[in-house]
Structure formats: structure tokens, C-alpha cells
Amino acid sequence: MRFTRMVSRTLRFDPPEAETASHRLMLRAGLMQQVAAGVYSYLPLALRSLRKIEGIIREEMDAAGGQELMLPALQPLELWEQTGRRAAFGDNLFALQDRRGRPMALAPTHEEVITNVVKSNVQSYRDLPLLLYQIQTKFRDEPRPRAGLIRVREFDMKDAYSFNADDASLDESYQAMAQAYRNIFRRCGLPVLMAEADSGAIGGKDSHEFLLPTDTGEDTVITCPNCRYTANAEKAESVVPRYGGDTGDAPLREVATPGVKTIAALAEFLGVPEAGTLKAVFYMADGEPVFVTIRGDLEVNEVKLKNALHCDELRFAEDGEVQAAGLVAGSASAVGISGIRKVADPSIESGANFVVGANKPDTHLTGANYPRDFQVDILTDIALVQPGQLCVRCGHGLEATRGVEVGHIFKLGTFFSETLGATYLDAEGRNLPITMGCYGIGVGRLLAAAIEQNHDERGIVFPHPIAPYQAHLVGLNLSNAEVAEAADALYGQLNAAGIETLYDDRPDQAAGVKFNDADLLGLPVRLVVSPRNLRDGVVEVKGRADEAAVTAPLGEGAEAVRARLAGGG
RNA sequence: CGGGGUGUAGCGCAGUGGCUAGCGCGCUACGUUCGGGACGUAGAGGCCGGUGGUUCGAAUCCACUCACCCCGACCA
């Protein structure tokens, strides 16, 4: 490709709206252009890279026994109502009407449609297992798109679905997918963490996320440096150190706490640690108020809470809703409260004689103990893991890192097959629901993550397998006919040798401009033809990440590129 | 949806009521330069986000509205 024929141009300065590295570099290098919030045009350079990523994904999916197909993005809304996911997705689902007023949706994912495909094609255990996948555009009306391709509303996703007769078979498919994912990310130059993840309201036993560690990531990963336990903070569990050695036989006693509203203020006022108090938090779950109790030094994990409540929408209650429920914000506790759903974290048992609200203004109680003084409807882990808490497996201190989720695999179980009636006959003639798994990779996000991981202060440093071109041929001083001739000839040789080459054939740009653009675009190998090199009969060869260039005989440019690519770096 | 911010040339920005709206980059032409973002000369390029108001006069003041960015609740 000749530089002078490219539609895109590089930006001389960083675009001010882009804060994360991949976003900034992709705009600046002319890889993409924004059309609307979370909607981008992919220019040729980006598309070439995306196609390479897709190629890697296809190879690995096919190697794992996958079959590629293509499902529609436009779907009847009815399909989403059948499984109840119209409500689950809520405003994130792009809904529209066709010309006859029929409700339609732009699909955010494809479990419903693929389950119907399998339902009408699979009757027997002999037809299983199946692994089907596609690379296709998804639509999600995200509340807040951000950071370039990290979070967008229209994006290409590789989504795969496995269909198995039983859990043992599902495990095999799941493991095969996990391995395929590891291969894909390694080939894209990404050192990902595989973390235990929340599987969502639909359930299913296992779920893992593949996260690229980076400060600009949206997720928090909890890791144990000792036993390698790795989990998304949404899912992670920890051991909460017990508070105090008391036996819990202290009597309940009221204390006046004028003006004390927060846990921090309460702890200070009474001279007890925050772990010696119980915190009350109020949520609205699908419109119903919920009373949540957790030890004072811990935070509520809303994902865990949502799963415990089996609700679609969960949010903090507003002041008016708290009052309407007859609760006293700042001095509330579950003691003596009824007529509202009560959820508590097991940490309320990891101590005794707690300080809690008295459910009247400016008053608290000391000596509160569960279950002696109050009861709850649901007692389950709803705590957010914090670094420094202890690993549930080995007791070592946990650490937290930020990461971008680039892939996610789920064991779905039989939710969709049961809801939509996808069954098979087993060897004994029984009609059983097919067991499913699903596996997603965001292709554009993977590119963004790769750039996030592989760049320096000068620009992108593309990993070879996903670079738009392998070689960047720079011709300096091309108004000199001899140099132009030599550069053109080398370009021809590279093409003939099958090396994808971007040829900076701009006749009148200064060397600095060309070098800076080459660094910005970050193609793996740079070749320089110039009057100086021509005099010596050589071409300069430099890997993007190399400190210095080496020279090769002018006629051996293609071999030099191959050698440099094989050398890594 | 809550909080903060921005809309003026392809891009980045300046312009606090006065008539022909400016600067840098980029772009076009010619000339000079030529190994890390060169220089000169001459040009092209604007419904100042939109609508409605105030005013003799609005990019500038007021109201409404739309869009985009950043911070929090969603996910590949």
C-alpha cells in the first residue's frame, strides 16, 4: 500500500478527548473515526488488523472443533420476551419497530436465536456435542460508552455456543474453549489473567473472564500471589478476620449518639473499630425496598446482592423511599424491623456485641448479636473483597489489579434449552434439555487491549500477528530519481515476496515526519531507502521495538524483513 | 439517570454586544530545502451545534433543545 493512496491521515497532536492510550493512539494513527457515542468507523488500517485478529480466532475455534455460521442482528422482540431477557437487558436492548409496527430488536447477543437453530436440527444424543460460532455485530445501548473501542454500542463479537448432552461433556467443551482462548490471546500478544467470574442472574455453574491487566481497565481482579486464586472482584470471596473475642452475651443497650450518621462517625464517637459495628444499607430491587446488613468495615458487592435477590434492577434507595419504608437513615438496623425484605452478609456473625442503629434518630444500640436480637430473610455472602483480606484457599493476603475484560466463557446449563424447548433423546429414549455453554470475545476491544498493552511514548508497537502490515518502507528524499527508483524497486520485491508493506512514498515530506509516522503506526519492521544508504548499496532495517537499525544489502530487503520478524521483538 | 465540562474552517484553539470572525496545524500552487515533525511567497476553506427570544445591532446576553467528552450504576 502506498502511503499517498491511503484515506486516513495521522494526527500531529494527541486528540484531547482521548484519555486512554489505545483510544488516543487509534485516533492519532488514523485507525478509526467516531460517528456517535460508542459508534466508530473502522478505517483500512484498523480493518486489516481486525481481520487478522478474526483470522486467529477462526483458526483456534476451528481447531477446537467449532463450525462457523452467521445469525441475524435484527430479531423479533418476541424472542427476547420468551426468555425474559427483554426485561433483563432493559434499556441496553436496542428496540425498534418495523414498518408494520412489529416490535424488533438489534441483538446484543445470540443465545435465543442459536438455541432455536439447534432445537430444529438436533434430536438425538448422536447429534451432540456441537460447537457453533460466529463473528458478528452486536448492539448494546450502553449507558456510558467510553475509552474508544473499550466500551462501545456497536461492536463485532466472536460468540460461540456449545451444546452438550450432559455436564461432563459440557466440561470438556468448556476446557477446550478455555484453551482456545489462551491460544488466541497469546497470539495477539496479550498476557491475560483467567479469572473466576460472576455468571449473572441466569445462573450456570462456572464462568471465567479473560482480563488484560491495565490501569485503565474497568474491572478489578482479585489475585492471591501465593496460590494463584484469581477472580473478578464481583465474584471474589475472602476470609473476613473475626472481630473481637466476646461471646455475644452483652445485653442490648441504648446509647445517645447525637448527630452521628455514618459508620466512621459512629466508630469514632463510641471509640470502637468500624468492624465492631453493623452497617445498614437500603436498596430498591425491581421497585421493592430491601434492607441490607453487613459488618461496618465492609462494603456491599451489588453483583452478589443482585444474584441473591434474583432481580433485574438494583439501585440505592432514595431518601424518600427510605422514609416511606419507615426507616431512619443514619440510625437504622434490622433489630425490631419487619415488613421489609432483609438480607445480611455472614460477616454479621464474625464478631459479637456489635453497635447497631436503634431505629430512632440520634440513638444506637450496643451489644447487638445475631440471631439473638434480629433475624434476616437471606444470609449469604454479599461482601466486596478488598485487597489485604485473606484468600479463602490458602489464607494469604489478597491483591487487587485493574483489568480490561477481553473474553468471557460461561456454563449456561439448561436455562435456554428448557425455556425454548431444545431437547434431545438420550440412549434410553428420555427427552432431556440440551446443556449449553457460551463463549465471547470482543474483536475490537481485543485490538484496543492489544494496543493498550503494546505501545510506547512514540506510538503503537503492533504484535506481528495482528499488525495491519508487516513492513513499513520509508523512502527519504524521493524527489531524487535514483532513490525513488530504488525504493519503488524494493517495494516491488517486498510485494512479490508476499510481505505486506506500507510504502511511505510521499515525495516531499521531511525525514522526521516520516519517522514519526512510522513510529506512530507501529508496524513491526521499518525499512529505509535514502541517498545515504543507496550510496552504500544497503537498506536500513529496524524492528519497531529495537533501539538501533541494522543494514542489509539493498537486494535482500525481503529476506531481512523475514529474518527480523522471525527474531521477535 | 445523577455530577462536572465542551460545541467557532478538515484538526486543535482564540474571540464578553459594534458591522469584512481570527491564530496554529493541515490543504492548493510555485520556489528553496532534504536523516527525527523545514522555509518563503501567493491562495482556498465558516448557516460560530439547533430553535426561539432580547436588541438599531448577537459567535458574544436570555430560554429551550440537541450532540459529544469525563466521573459513578452495565459488559466483550
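First the proteins, then the strands, lettered A, B, ... as listed; each starts at 1.
- At the heavy-atom level, Thr109(A) lies nowhere under 4.0 Å from the strands shown.
- Atom C1' of nucleotide U33(B) and atom CG of Asn480(A) are separated by 14 Å, given to the nearest angstrom.
- Side-chain N or O atoms of Asp14(A) include none that pairs as donor or acceptor with a backbone N or O of Pro16(A) at under 3.5 Å.
- Side-chain N/O atoms of Glu209(A) and Ser207(A) include no donor and acceptor closer than 3.5 Å.
- Using a 5.5 Å limit on the distance between ring centres and a 30° limit on the angle between planes, the aromatic ring of Phe13(A) does not count as stacked on the six-membered base ring of G12(B).
- Geometric assessment of Arg48(A) against the ring of Tyr469(A) yields a positive cation-pi assignment under the 6.0 Å and 45° thresholds.
- A cation-pi contact, defined as under 6.0 Å to the ring centre and within 45° of the axis, links Arg506(A) to Phe3(A).
- For the pair Lys411(A) and Tyr174(A), the distance from NZ or CZ to the six-membered ring centre is under 6.0 Å and the angle to the ring normal is within 45 degrees.
- The residue Val152(A) sits close to a base: some heavy atom pair falls under 4.0 Å.
- Residue-to-nucleotide contacts include a donor-acceptor pair under 3.5 Å from the side chain of Arg526(A) to the base of G36(B).
- The gap from the C1' atom of G22(B) to that of A14(B) amounts to 7 Å, rounded to the nearest Å.
- Counting non-hydrogen atoms under 4.0 angstrom, Pro108(A) reaches nothing in the nucleic acid.
- Within the structure, a side-chain polar atom (N or O) of Gln34(A) is placed less than 4.0 Å from OP1 or OP2 of C69(B).
- Arg151(A) has no side-chain polar atom (N or O) that falls below the 4.0 Å cut-off from OP1 or OP2 of C74(B).
- Residue-level contact check: Ala518(A) touches neither bases nor backbone, having no heavy atom under 4.0 Å from any strand.
- Within the 4.0 angstrom heavy-atom criterion, no nucleotide atom of any strand lies near Gln33(A).
- With both pairing distances under 3.5 Å, G57(B) is matched to nothing as a Watson-Crick or G-U wobble pair.
- Within 4.0 Å (heavy atoms only), Ala18(A) reaches no atom of the nucleic acid at all.
- Out of C27(B), A76(B), G37(B), the shortest distance to the side chain of Glu405(A) is found at A76(B).
- Residue Arg144(A) places at least one side-chain N or O closer than 4.0 Å to OP1 or OP2 of G72(B).
- Within the nucleic acid shown, Asn92(A) comes within 4.0 Å of sugar-phosphate atoms alone, with no base atom in reach, counting heavy atoms only.
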